**Student:** 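Quick one: the structure is below, questions incoming.
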Amino acid sequence: MKRFKSIALLVASFAVFALAVSATAAHADAPTGATGTLEYGEPALLNLREVGRTLFIDVEIDGEIHGTLTGDIHEQYTVVHHAQAGFNTYRGVLEFEGVVTGAEGVEREGTLTLQTRGRQDPGMPFPTDTPWDMSWVIVDGTGELEHVQGHGTGVLIGLDLTYNGRVHFAGR
């Protein structure tokens, strides 16, 4: 009898969990394409260090983003110039404040944190018009963007970036 009650309790727990998951999924928006442009201002050099033939360049920059994501951004990143191989990589954190337009044109406001990374080949230790191929992923959000998910790619030439990807407002 004791074993039967334990099994019944376990089954009941799974049933409650299944209902909770299906209720969350029912309130989620469909994923939608994310496209637009980002215009950076002038970068500010934070630090420059050389290790062997590799140069590390720490930078911060502000800008405006338009399209599916519309608002202001602040990004801090590190460019790594691989002198011997002749290419650059970077990793950064981009803070976004504004509006994200989801499925069916629904706009939601708040902040997002995105991780960014990219590569420029060939790359120089100073800005050039050689394109950067980059990727981004949303890792955190606040306000109406608390549960938004998304990822994508972009191409940066000079201080102008064109991005594309997908965003999805997960259910609560």
Side-chain angles (χ1 to χ4, degrees), residues 7-43 59-80 87-121 123 127 129-172:
I7 292 173
L9 183 58
L10 183 62
V11 170
S13 297
F14 282 129
V16 168
F17 176 75
L19 286 173
V21 169
S22 66
T24 298
H27 291 90
D29 286 353
T32 188
T35 60
T37 60
L38 192 154
E39 300 164 3
Y40 285 107
E42 288 298 314
V59 178
E60 72 178 356
I61 195 166
D62 294 321
E64 294 180 1
I65 190 167
H66 306 279
T68 305
L69 286 79
T70 301
D72 296 319
I73 64 100
H74 177 81
E75 186 173 11
Q76 288 189 329
Y77 58 91
T78 299
V79 171
V80 180
F87 69 91
N88 293 332
T89 59
Y90 86 89
R91 288 190 181 271
V93 175
L94 185 147
E95 301 292 336
F96 163 83
E97 182 175 353
V99 172
V100 176
T101 305
E104 299 177 18
V106 176
E107 294 183 347
R108 295 195 175 109
E109 189 173 350
T111 65
L112 294 173
T113 301
L114 293 82
Q115 288 182 343
T116 59
R117 64 186 176 111
R119 180 181 171 105
Q120 182 187 45
D121 192 3
D129 284 339
T130 302
W132 284 86
D133 293 315
M134 61 87 63
S135 64
W136 55 272
V137 63
I138 297 171
V139 295
D140 196 21
T142 66
E144 293 178 310
L145 303 179
E146 181 178 5
H147 298 285
V148 73
Q149 301 169 4
H151 60 90
T153 60
V155 176
L156 175 69
I157 300 176
L159 295 174
D160 297 318
L161 181 134
T162 301
Y163 70 90
N164 60 61
R166 302 200 42 90
V167 293
H168 177 236
F169 294 97
R172 296 182 183 214

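Values reported hereafter were calculated over all heavy atoms of this structure, with side chains retained and with hydrogens, waters and symmetry mates removed. As the structure is a computational prediction, the values presented were derived from the model and not from experiment.
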**Student:** Counting only heavy atoms not in Glu95, do more than 12 sit closer than 6.0 Å to its CD atom?
**Tutor:**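 Yes.
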**Student:** Between Val93 and Thr113, does a side chain to side chain contact (heavy atoms under 4.5 Å, CB included) hold up when you go through it step by step?
**Tutor:** CA-CA 7 Å; Val93 175; Thr113 301; 3.7 Å; yes
**Student:** I need the Trp132 CH2 to Thr89 OG1 distance, nearest 0.5 Å.
**Tutor:** 7.0 Å
**Student:** Of all the heavy-atom pairs spanning Gln149 and Ile138, show the shortest one and how long it is.
**Tutor:**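 Result for this residue pair: C-CD1, 4.0 Å.
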**Student:** Quick check for you: to the nearest 0.5 Å, what is the distance between Thr37 atom OG1 and Asn164 atom CG?
**Tutor:**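 Thr37 OG1 to Asn164 CG: 12.5 Å, rounded to 0.5 Å.
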**Student:** Show me, pair by pair, the donor-acceptor contacts under 3.5 angstrom made by side chains of residues 69-76, not counting sequence neighbours?
**Tutor:**
from  : atom 1 : to     : atom 2 : distance (Å)
Thr70 : OG1    : Gly67  : N      : 3.4
Thr70 : OG1    : Gly67  : O      : 2.8
His74 : ND1    : Asp62  : OD1    : 2.5
His74 : NE2    : Glu60  : OE1    : 3.4
Glu75 : OE1    : Tyr40  : OH     : 2.6
Glu75 : OE2    : Thr116 : OG1    : 2.7
Gln76 : NE2    : Glu60  : OE1    : 3.1

**Student:** Which heavy atom of Thr68 sits nearest to which heavy atom of Tyr163, and what is that distance?
**Tutor:**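 The answer is N-OH, 3.2 Å.
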**Student:** Thr32: what forms a side chain to side chain donor-acceptor pair (under 3.5 Å) with it, not counting sequence neighbours?
**Tutor:**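 By the side chain to side chain donor-acceptor pair (under 3.5 Å) rule, Thr32 matches no residue at all.
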**Student:** What is the minimum heavy-atom distance between Arg108 and Leu145, and which atoms define it?
**Tutor:** O-CD2, 3.5 Å
**Student:** Evaluate the side chain to side chain contact (heavy atoms under 4.5 Å, CB included) criterion for residues Glu109 and Val99: first the C-alpha distance (whole Å), next the side-chain angles of each, then the deciding distance (0.1 Å), finally the verdict.
**Tutor:** CA-CA 4 Å; Glu109 189 173 350; Val99 172; 4.3 Å; yes
**Student:** Would you give the length of the straight line joining atom CG of Leu159 to atom CG of Leu161, rounded to the nearest 0.5 angstrom?
**Tutor:**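 Reported to 0.5 Å precision, the distance equals 10.5 Å.
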**Student:** Taking all heavy atoms of Gly102 and all of Phe169, pick out the closest pair and write down the distance.
**Tutor:**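 Shortest heavy-atom separation between Gly102 and Phe169 comes out as CA-CE1, 3.3 Å.
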**Student:** Side chains of Leu38 and Leu94, heavy atoms from C-beta outward: is any pair under 4.5 Å?
**Tutor:**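 Answer yes - side chains close enough.
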**Student:** To the closest 0.5 Å, what do you measure between OG1 (Thr35) and CZ (Arg166)?
**Tutor:**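 Output value for this atom pair is 11.5 Å.
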**Student:** State, yes or no, whether a side-chain contact exists between Ile65 and Phe96 at a heavy-atom distance under 4.5 Å.
**Tutor:**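 With C-beta onward as the side chain, the pair touches.
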**Student:** Show the nearest heavy-atom pair for residues Ala103 and Ala30, with the distance to one decimal.
**Tutor:**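 Looking at all heavy atoms of both residues, the shortest contact is CB-O, 3.5 Å.
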**Student:** Which atom names give the shortest non-hydrogen contact between Phe87 and Arg119, and what distance separates them?
**Tutor:**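 Between these two residues, the closest heavy atoms are CE1-NH1, 3.2 Å.
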**Student:** As a quick check of understanding, evaluate side chain to side chain contact (heavy atoms under 4.5 Å, CB included) for Tyr90 and Gln120, giving each step before the final call.
**Tutor:** CA-CA 9 Å; Tyr90 86 89; Gln120 182 187 45; over 6 Å; no
**Student:** Between the side chain of Glu144 and the main-chain N/O of Gly110, is any donor-acceptor distance below 3.5 Å?
**Tutor:**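 Looks like no, no N/O pair under 3.5 Å.
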**Student:** Tell me, with the steps shown, if Asp133 and Val155 meet side chain to side chain contact (heavy atoms under 4.5 Å, CB included).
**Tutor:** CA-CA 5 Å; Asp133 293 315; Val155 176; 3.9 Å; yes
**Student:** Say whether, by atom type as modelled, one donor and one acceptor occur between the side chain of Gln115 and the main chain of Val139 under 3.5 angstrom.
**Tutor:** no
**Student:** Measuring from atom CD of Glu39 to atom CG of Asp160, what distance do you get when rounded to the nearest 0.5 angstrom?
**Tutor:**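 It is 6.0 Å, given to the nearest 0.5 Å.
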